[in-house]
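One structure below.
Worth knowing before you read on, the calculation uses all heavy atoms, side chains too, and leaves out hydrogens, waters and symmetry mates. These numbers were taken from a predicted model, which means no experiment stands behind them.
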Amino acid sequence: MSGKGAILGIGNVLQRDDGIGIKILSYIDAQYRFPENVELVDAGTCGATLNTAIVDKQWLVIIDALNVPGDPGEIRILAGESFINRPAQTKMSPHQVGFLDLIQLMRMEGTGPDDLELVGIIPGDLENGIDISPAVEQTIEPVIKMVLELLEKRGISPEKRDPPGDPDLWWMNP
């Protein structure tokens, strides 16, 4: 296995497609069991307060909505350096400032993960609401497959739950 790491779901579940990272993380958690060296983190919109959750990790797989040009539901995988070192005026995600600032600060301090990969989904609707748009909703299974492939590259094979559980979509329950 490849060191301690985490799968982070990032997003605001109250802004429709922006919550896709959290929703996909919930589906992953319902379908798979992970070894002790892998933590699933519902990072929400925490930004810089994630320090304690990732300070001891060697790698991160981040799932988030990406505010970049493209079609809603388009999936992009970005390696750490390709999104960490972007100029500040380039807005890729509503959480960019806090989270990327944290990663950059941790790197300056010599702490935190060196190996980062972002699985990003281009949103179609960022208005207030809890439903995901159809184009972005269709990315759930393909993104799960991509995350599993990224883990496999690290020598990590989660165990499939039989039967799978129901995802904890806590924001959908009244």
Once you round to the nearest 0.5 Å, how far does CD1 of I24 lie from CD of E141? 9.0 Å
Inter-residue atom distance I77.CD1 - E117.CD, 0.5 Å rounding: 7.0 Å
side-chain hydrogen bond (donor to acceptor under 3.5 Å, both in side chains) between D17 and S133: does it pass, once the steps are laid out? CA-CA 6 Å; D17 291 351; S133 69; 2.8 Å; yes
Pick from L148, V38, I7: which one makes a side-chain contact (heavy atoms from CB on, under 4.5 Å) with Y32? L148
Least distance between heavy atoms, V136 atom then P123 atom: CG2-CA, 3.9 Å
Walk me through it: do I63 and L8 pass the test side-chain contact (heavy atoms from CB on, under 4.5 Å)? CA-CA 6 Å; I63 309 166; L8 269 68; over 6 Å; no
Charged N to carboxylate O below 4.0 Å: is that the case for K4 and E39? no
Between L169 and I130, is there a side-chain heavy-atom distance shorter than 4.5 Å? no
Would you give the length of the straight line joining atom OG1 of T139 to atom CE of M146, rounded to the nearest 0.5 angstrom? 9.0 Å
Would R33 and K160 satisfy side-chain contact (heavy atoms from CB on, under 4.5 Å), going step by step from the backbone distance to the final call? CA-CA 6 Å; R33 282 187 195 89; K160 198 158 179 62; over 6 Å; no
Nearest 0.5 Å please: distance from the CG atom of L25 over to the CG atom of L40. 4.5 Å
Any side-chain heavy atom of P35 sitting closer than 4.5 Å to one from I156? yes
How long is the span from the CD atom in E127 to the CG atom in L14, to the nearest 0.5 Å? 13.5 Å
What verdict does the side-chain contact (heavy atoms from CB on, under 4.5 Å) test give for I10 and D18, after you've listed the backbone C-alpha separation in whole Å, the side-chain angles of each residue and the deciding distance to 0.1 Å? CA-CA 8 Å; I10 297 179; D18 190 53; over 6 Å; no
What's the shortest heavy-atom distance between A30 and R161, and which atoms? O-CD, 3.0 Å
Using a 4.5 Å cut-off on heavy atoms from C-beta on, say whether the side chain of K57 contacts that of N37. no
Using 4.0 Å as the upper bound for N to carboxylate O, is an ion pair formed by R76 and D64? no
So, do V119 and I62 sit near enough that their side-chain heavy atoms are less than 4.5 Å apart? no
Is the shortest side-chain heavy-atom distance between W59 and V61 below 4.5 Å? yes
Is there a side-chain contact between L66 and I121, using heavy atoms and a 4.5 Å cut-off? no
Residue pair G11 / I22: nearest heavy atoms and the distance that separates them: O-CG1, 3.8 Å
Sidechain-backbone polar pair: E74 side chain, D71 backbone, donor-acceptor under 3.5 Å: yes
Which atom of L116 lies closest to which atom of P113, heavy atoms considered: CD2-CG, 3.8 Å
On a heavy-atom basis, the closest approach of A6 and V41 is CB-CG2, 4.1 Å
Do N128 and R16 come close enough that some side-chain heavy atom pair is under 4.5 Å? no
Restricting to non-hydrogen atoms, name the atom on P72 and the atom on A135 that form the minimum distance, rounded to 0.1 Å. O-CB, 3.6 Å
Side chains of D168 and S26, donor plus acceptor under 3.5 Å: no
In Å, rounded to the nearest 0.5 Å, how long is the span from CD of Q58 to CG of D115? 9.5 Å
Salt bridge flag under 4.0 Å for residues R154 and E152: no
